[in-house]
Amino acid sequence: MGDASTQDKPARTAAQIEADIERTRDRLASNLDELAVRIHPSTISAQVKAKAMATVEEKTARAYVAANGLVEKVKAQFLDEKGQPRKERIVPVALVGLGLVVLLSSSRKRRED
């Protein structure tokens, strides 16, 4: 049966076989060139750098969104729905801040003396 299947195919000429070999060599050369580029240290370095930059950008974006949300929450504590300052909340915070400044400056003054 093996003879029948080989007899059904037309015989290839030497030129056809050589052309097939040349195409195979070209494909192999192309594949080897692509592999050489992929494993080159500069290519690997660029890929690692790009991945690191993407990670940093993603984390920065998340931090920005979180910080923006926090600012909005704090802002909501000190402004009413109309955007007017809430004096009943601002005055105590300002007094605490002023007290901390006075306390820190007096402690520094004591250290200098």
Side-chain angles (χ1 to χ4, degrees):
M1 285 196 191
D3 292 328
S5 63
T6 56
Q7 289 176 356
D8 292 343
K9 294 181 182 177
R12 294 179 4 172
T13 64
Q16 290 172 326
I17 294 171
E18 287 176 7
D20 284 346
I21 291 171
E22 188 60 32
R23 282 192 299 273
T24 303
R25 281 185 185 150
D26 289 343
R27 268 195 319 262
L28 180 59
S30 175
N31 289 344
L32 289 174
D33 289 344
E34 184 179 338
L35 283 173
V37 168
R38 284 186 184 181
I39 64 169
H40 194 276
S42 65
T43 303
I44 294 171
S45 174
Q47 289 172 342
V48 168
K49 183 178 176 182
K51 191 173 184 178
M53 289 299 293
T55 301
V56 168
E57 288 175 3
E58 179 185 345
K59 293 195 183 279
T60 302
R62 286 184 182 177
Y64 176 78
V65 168
N68 195 28
L70 182 61
V71 166
E72 289 300 318
K73 284 181 182 179
V74 170
K75 197 169 154 182
Q77 295 296 316
F78 295 102
L79 299 176
D80 63 12
E81 296 79 27
K82 296 178 184 176
Q84 299 299 316
R86 293 182 175 177
K87 292 179 185 171
E88 71 277 2
R89 292 190 179 174
I90 294 174
V91 171
V93 171
L95 290 174
V96 169
L98 181 62
L100 286 173
V101 168
V102 169
L103 181 66
L104 290 174
S105 65
S106 66
S107 68
R108 284 186 184 171
K109 192 172 188 179
R110 280 188 217 148
R111 278 190 241 155
E112 290 174 2
D113 292 340

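For the numbers below, each heavy atom of this structure counts, side chains included, while hydrogens, waters and symmetry mates do not.
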> So how far is it from Arg25 CZ to Leu32 CG, rounded to the nearest 0.5 Å?
Replying inline: 13.0 Å

> Of the non-hydrogen atoms in Pro92 and Lys87, which two are nearest, and what is the gap between them?
Replying inline: CD-O, 4.1 Å

>> Using 0.5 Å steps for rounding, measure from the CD atom of Gln47 to the NZ atom of Lys49.
In response: 13.5 Å

> Do the side chains of Ile90 and Val74 join up, straight or via other hydrophobic residues, at under 4.5 Å, putting them in one cluster?
Replying inline: yes

>> Taking the basic N atoms (NZ, or NE/NH1/NH2) and the acidic carboxylate oxygens, is any pair closer than 4.0 Å for Arg86 and Glu81?
In response: yes

>> Can a donor-acceptor pair be found, under 3.5 Å and without considering hydrogens, that links the side chain of Thr43 to the backbone of Ile39?
In response: no

>> Main chain of Pro41, side chain of Ser45: is a donor-acceptor contact present, judged purely on distance under 3.5 Å?
In response: no

>> Would you compute the distance between atom CD1 of Ile21 and atom CG of Asp26 and round it to the nearest 0.5 angstrom?
In response: 12.0 Å

